[in-house]
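Structure, as structure tokens:
Please read these numbers as outputs of a predicted model, since none were measured by experiment. In what follows, chains are A, B, ... by sequence order, proteins preceding strands, each numbered from 1. As a basis for the values below, the full set of heavy atoms in this structure was taken, side chains included, without hydrogen atoms, waters or symmetry mates.
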Amino acid sequence: MSLLKAVESDAGQRGIQKVTHFRLVVGEYSAVSIKAMDFALQHLTTGTILDGASYELVTEEARSQCQDCGRAFRPAPPFFLCPGCGRGGAPFTCGRELYIDYYEGE
Amino acid sequence: MKIYLGRELREANKNSAADNRMMLDRSRVLMVNIIGSPGAGKTALLEQTLRHLSSHLTIAVIEGDLYTDADAKRLRGLCAKVIQINTEGSCHLEAGQIGELLVKENLLHTDIVFVENVGNLVCPAAFDLGEDLRVSLVSVTEGADKPCKYPLTFRDSHACIISKTDLLPYCDFDLDKVTGDLQTINSSLTVFTLSAKSGEGLAKWCRWLEAHVAKKKSALNSGLAVPSRE
């Protein structure tokens, strides 16, 4: 529903009547299932400005940067350890987000 | 026409969490978000914690469950105020729900607000409530594999309580392995081993909470340092 609100609000300000395409980015560790999101989009957009729009659902890989050795890496569960020095606890620099990247409309 | 929005869909929750944090900091009220599986012992922990702390601290509890006020009933009479939220299907609490209650129920005049999140080790980890402390539970009856199966919850916590330790002799639960796994997932995690039933370990947990209340009360100005939850 946040997606609908965000697009409807922005499209309304620009005088866009119909959205034809949009791209949604789902972080690898966003706690959102791509399949569930796909299912929701097929059903919740009916009768809205997004009705009938094609869409891309893209998973964004997580990235971390080690606070000890500085190495950038893709963190792997369950420990998310730095492959360089073996330390844990490096913050994610991306991979927990859930955002609308862009939409196309007319 | 192609429009780049780049808008985070959980922005509303993030904004509400920031508002909550600001209110709590200004009022110097400590908020503790308790996360664990259904049956991990969250309410039992709160029952005993309130018995220890309510004589000298003003405490409110917000209970989150899909349905029923069973948990709120267990806690009524043990602290200043207990409020039940029924999410009616939703698997986690959101910051806006908490912010509304902080104001409407006058919770900013307490010392501690405990939030018992909906029983779930997945989704609550993705929703910041604006809390000062996030405390996760894993009970010995759930099995030693839980931290590795649900690492993000433990990674984002300030403390973890290994609960129901009175049942250790009857369960195949490798306490050393779990403690080691937790420290590997989050080296700054404070780990408590505790039994709400026997009272073992409860005093240490309560002292830790009291120290955080004192720290919050003595914080100059608003804005205690809150660890980044990226």
Measuring from [X]:[atom1] to [Y]:[atom2], what's the distance to the nearest 0.5 Å?
X     : Y     : atom1 : atom2 : answer
B:R10 : A:R96 : CZ    : CZ    : 8.5 Å
A:Q13 : B:I3  : CD    : CD1   : 11.0 Å
B:K2  : A:R23 : NZ    : CZ    : 8.5 Å

Portion of [X] that has a non-hydrogen atom of chain B nearer than 4.5 angstrom:
X      : value
A:S30  : both
A:D101 : both
A:V32  : side chain
A:R87  : neither

Item to complete: Can you spot which of A:Y102, A:F22, A:Y103 makes a ring-ring contact (aromatic ring centres under 6.0 Å, His included) with B:Y4?
Response: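 That would be A:Y102.
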
Discussion item. Taking the six-membered ring of A:F92 as reference, does the cationic atom of B:R155 (NZ for Lys, CZ for Arg) lie under 6.0 Å from its centre and within 45° of its axis?
Written reply: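 Yes; both conditions hold, so B:R155 lies above the ring face of A:F92.
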
Discussion item. So B:Y150 and A:P78, do their side chains get closer than 4.5 Å, heavy atoms only?
Written reply: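 Contact flag for A:P78/B:Y150 side chains = no.
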
Fill in: pair B:T184-A:L81: side-chain heavy atoms closer than 4.5 Å
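Answer yes - side chains close enough.
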
Worksheet entry | Top of B:D181, B:N186, B:V122 for chain A proximity - count of heavy-atom pairs under 4.5 angstrom |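 Max contact count across the listed options: B:D181.
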
Worksheet item: Is A:E106 reaching over with its side chain to a backbone N or O of B:M1, donor-acceptor style, under 3.5 angstrom?
Response: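 Judged by distance alone, no pair lies under 3.5 Å.
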
Worksheet item: Which heavy-atom pair separates A:Y99 from B:G6 by the least distance, and what is that distance?
Response: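 Scanning both residues completely, I find the closest heavy atoms to be CD1-CA, 4.1 Å.
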
Worksheet item: Within a reach of under 6.0 Å around CD of A:E56, are more than 12 heavy atoms found that belong to other residues, nucleotides or ligands?
Response: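 Counting neighbours around CD of A:E56, more than 12 heavy atoms of other residues, nucleotides or ligands fall under 6.0 Å, so yes.
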
Worksheet item: Is the count of non-hydrogen atoms from other residues, nucleotides or ligands lying under 6.0 Å from A:K5 atom NZ greater than 12?
Response: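 Count not over threshold, so no.
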
